[in-house]
Structures are given as structure tokens and as C-alpha cells.
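First the proteins, then the strands, lettered A, B, ... as listed; each starts at 1.
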There are 2 protein chains.
Amino acid sequence: MTAPSGRRERKKAATRQKIADTALRLFLERGYDAVGIREVAAEADVAVTTLFSHFASKEALVFEQDEDFEQRLTQAVTGRAPHELLIPALRSEVQALVRHCTADSAAPIWRMIDESPALRKYEESMRLRHAETLATAIAADPELSRTATASRTIARFVIDAYSLAREAAEPQAAVDEIFGMIEAAWEATRPSRRT
Amino acid sequence: MTAPSGRRERKKAATRQKIADTALRLFLERGYDAVGIREVAAEADVAVTTLFSHFASKEALVFEQDEDFEQRLTQAVTGRAPHELLIPALRSEVQALVRHCTADSAAPIWRMIDESPALRKYEESMRLRHAETLATAIAADPELSRTATASRTIARFVIDAYSLAREAAEPQAAVDEIFGMIEAAWEATRPSRRT
DNA sequence: GACCGTAGCACTAACGGTTAGCTTTTAAAA
DNA sequence: TTTTAAAAGCTAACCGTTAGTGCTACGGTC
């Protein structure tokens, strides 16, 4: 029960991947709204219930690897070198993430997302989850020692930076501009010391 | 056609109000998820299609007067006294909004919202709409003259302040804390002058 | 006051995402 | 091998939402 040793896991992962690939392909070919769940399931040769045992909702099919995103952000906090400053670390991670999702190859997917209200909504609440996770990581860092509110706030601001930059005319420049503001906000929360 | 003169409008408004009141009552009595649209319509004595001609979705029944919220925020920008500073004006407006929705009388409604994922999602995307509206108001103010990105960013931050403070242990204090950060971020965007 | 145009509402029937209940397959453990 | 439980399947339904179609009554016009 504690040592899951192989084949079953591989098959499950394969099924999951096949569903995700099929879904994305159909969505890009004919539009997200024009493709039904029953159709995706049929094309991936699985039952509808199987599809929903792998993905919580139709929208989740599109944001298949959103956990990567979440982990990269928290990694930027928890995995940074000793005494490496928080904001610059987050800035370069967000820079990378924005570059990644404004790349030409990702364009059709994001166009699809922007065009579907359901997908936009889903992404928005995903971002809030990510902000909460990031806030927890920031609040847990003993080097930083900020209040819970300050941690949550900065986390939100960082996620906002990602979201705003992605939609800006010049994403890279927008990241820099917004992080200038975040840097200032962060400095304003520096706890007063007695040293 | 241009002079809507009375009875029809009153009847329509009455129907709308009756639906909203009935829905809210049922939702609070038995829980948002436990009450179906068909049931709300029956209790309000209208057809389901009528209900949907007044409200775009089930969630919209709960956020009936969200336009007030939006207008109060933009008013805080466009309607402030000459030379009155932007951030303090927004701060007191957000302070008022937070006080309003953390009042005891509003508690059951917000508890209901917090407990329903659908309602949370809906509120989240509502907030993004509000942020965009606010951003437009800020960008349009000639006294401020900030970039489009800076305007959007500050607008997001302000909406974040509202949302974070509402959930904080001490909402009023949280507003002050977050607005301290926003103030700093805003200062960082001050356009360089040649005076 | 009679006459249209149309806004508001009703009804039925359906569509699409999602879930519950129950059975079958199949990998892993004994 | 036998047992067990996870993974997958099928059916049938629930619920929010919408299309299609008509009826009714109000508002403006002659």
C-alpha cells in the first residue's frame, strides 16, 4: 500500500496524458466551447467517468500542469541562496514564467483561454490559490519575518505582476515596471529593529 | 422609446426585486447549493426563463448590487476634490467598503459566499472587472499621468487590499497596513519631472 | 378609443457539465 | 492461487442554462 511499484502507476499516468493530449488537440482544432466532454472521452477512448476521475472539471483539462507553476514560484522563495533577496528572486522567476507563456508556441493556447469566459474564470481562481501558497512560503521564511497580512499582500502583488505582464504590450518591460512597485511596497513593510 | 414612462418599468423592477429577495431568503435558509434555480423560480412565482432574463446566472442573484461597489470606487477617483491625493482617497473608500461588508448584519451572506466555490469564483472575476474599471479611471485622470501598466497595477493592488482585508482577522488594521504598501508602490511610479 | 409594436413573461424541451450507483477488469499483495 | 483494491466502465440522472415559440398587456400613435 505504501510502495506503489510501477505498472499501475504508469498506466494511470498514460491514460491521464492521453486524455489531456486529446482534449487539447480537439480544443485547438475546433474551439473549447465547440467540443463536449463526451466527445473528448470518446476520442481518447475512455469513459466520461474516467475522464472526471483524472480531471476535476473540463477547464482543468487545459491547465493540466498548473502545479509546475505553483512549485516554481514557491521554489523561488524556499530554494533561494542564503541572503539572496526575496523580491529579485521572485522577479526573475516571474520574468521566466512570463517569457515562457508569451512564447509564440504558447500563443494559440492563450488565445483560446482569453476567448473563453469559463477558462478565464478558472485561471483567475487558480491564481488566487497560487497566491495563497506563495504567501505561506513567504510567511514561513524566518529570514523575512513579516506579518501574515504583509506576506499575503506581497504574494498577491507578485501574482498580479504575472497576470498583468502577460497581457501587457511589452511583457518583459511590464514585469520590470511592476516589480519596481512591488520592491517599494516590500521595503515599506520592513520590520523596525533595535540593532 | 426614449421616455420610459412608468408602470412597465416598475413592474419589471418589482419582479426583479422579488426574485432577488426570494433567492437570498432561500439561500440563507437552506444553503446556496441546496436550492435549485427551478425552486427559486417557483417560490418567486415566475418562470425559469424569466429569472434568467433578469439575472445572467445563479451566482448573480447573490451579487445583485455589485454595481454600487464599482461606482463607489471610481467615484473615489473621479469625484475627489482638486489636489486631493489619490491613495488616501482610495484608502478611505476601501475602509468604508470593508467596514460595510464586515458588519454583523452582512455576516451570514459572506459566510454563504465563502462556503460556496461557485460564489467565490464569481466574486473573484467580479473583482477583476472592478479592477479594470478602476484602472481606466486612474489612467484617465490628467492630474496623475501614470503609464497604463502603473494604473492597472495600482488598481489591482487596491482591489487586493479590499479582498485581503475582508478576510483578515482585523480588517480595519489590515486596510491601513496594505495601503501603506500601496502608497509606497505608488510613489515609486511618480513620473520624473524637469522642474 | 381603437390599433400596433414590443417588452415581459410563460412553457416545453433540450444541451452540456457533472455525479451517484453499481459492475467489470486488472495489477498488486498474500 | 486466491484475495484485495485501484482503475475503468456503463447507465441514468441532476442542475444550470438556453433556444424556440407563443401569449399578454402596456405604451405610444392615429
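Residue B:V40 is classed as having no contact, given no heavy-atom separation below 4.0 Å to the nucleic acid. Contacts of A:D33 with the nucleic acid, taken as non-hydrogen atoms under 4.0 Å apart, are absent.
The cationic atom of A:K58 (NZ for Lys, CZ for Arg) lies less than 6.0 Å from the six-membered ring centre of A:Y32 and within 45° of the ring axis.
Comparing B:V48 and A:K12, the nucleotide of DNA chain D nearest to each residue sits closer to the 5' end for A:K12. In terms of position along DNA chain C, the nucleotide closest to B:T15 lies nearer the 5' end than the nucleotide closest to the other residue of the pair B:R38 and B:T15.
In this structure, A:S57 does not reach the C:dG17 phosphate: none of its side-chain N or O atoms is under 4.0 Å from OP1 or OP2. OP1 and OP2 of C:dG8 both lie 4.0 Å or more from every side-chain N or O belonging to B:H54.
With rounding to whole Å, A:F52 atom CZ is found 14 Å from D:dC14 atom C1'. Between the CG atom of B:L119 and the P atom of D:dG16 there is a distance of 12 Å, given to the nearest Å. Straight-line distance from the CD atom of A:E9 to the P atom of D:dA7: 9 Å, rounded to whole Å. As rounded to whole Å, 11 Å separates atom C1' of C:dG17 from atom CG of A:L61.
Checking A:T22 against A:E43 by side-chain atom types alone, no donor-acceptor pair falls below 3.5 Å.
A salt bridge does not link A:E123 to A:R120: none of the charged side-chain nitrogens sits closer than 4.0 Å to a carboxylate oxygen.
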Show each protein N/O and nucleotides 19-25 of chain D N/O combination with a separation under 3.5 Å, one pair to a line.
none

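Using cut-offs of 30° and 60° for the angle between ring planes, the A:Y122 and A:F63 rings count as parallel.
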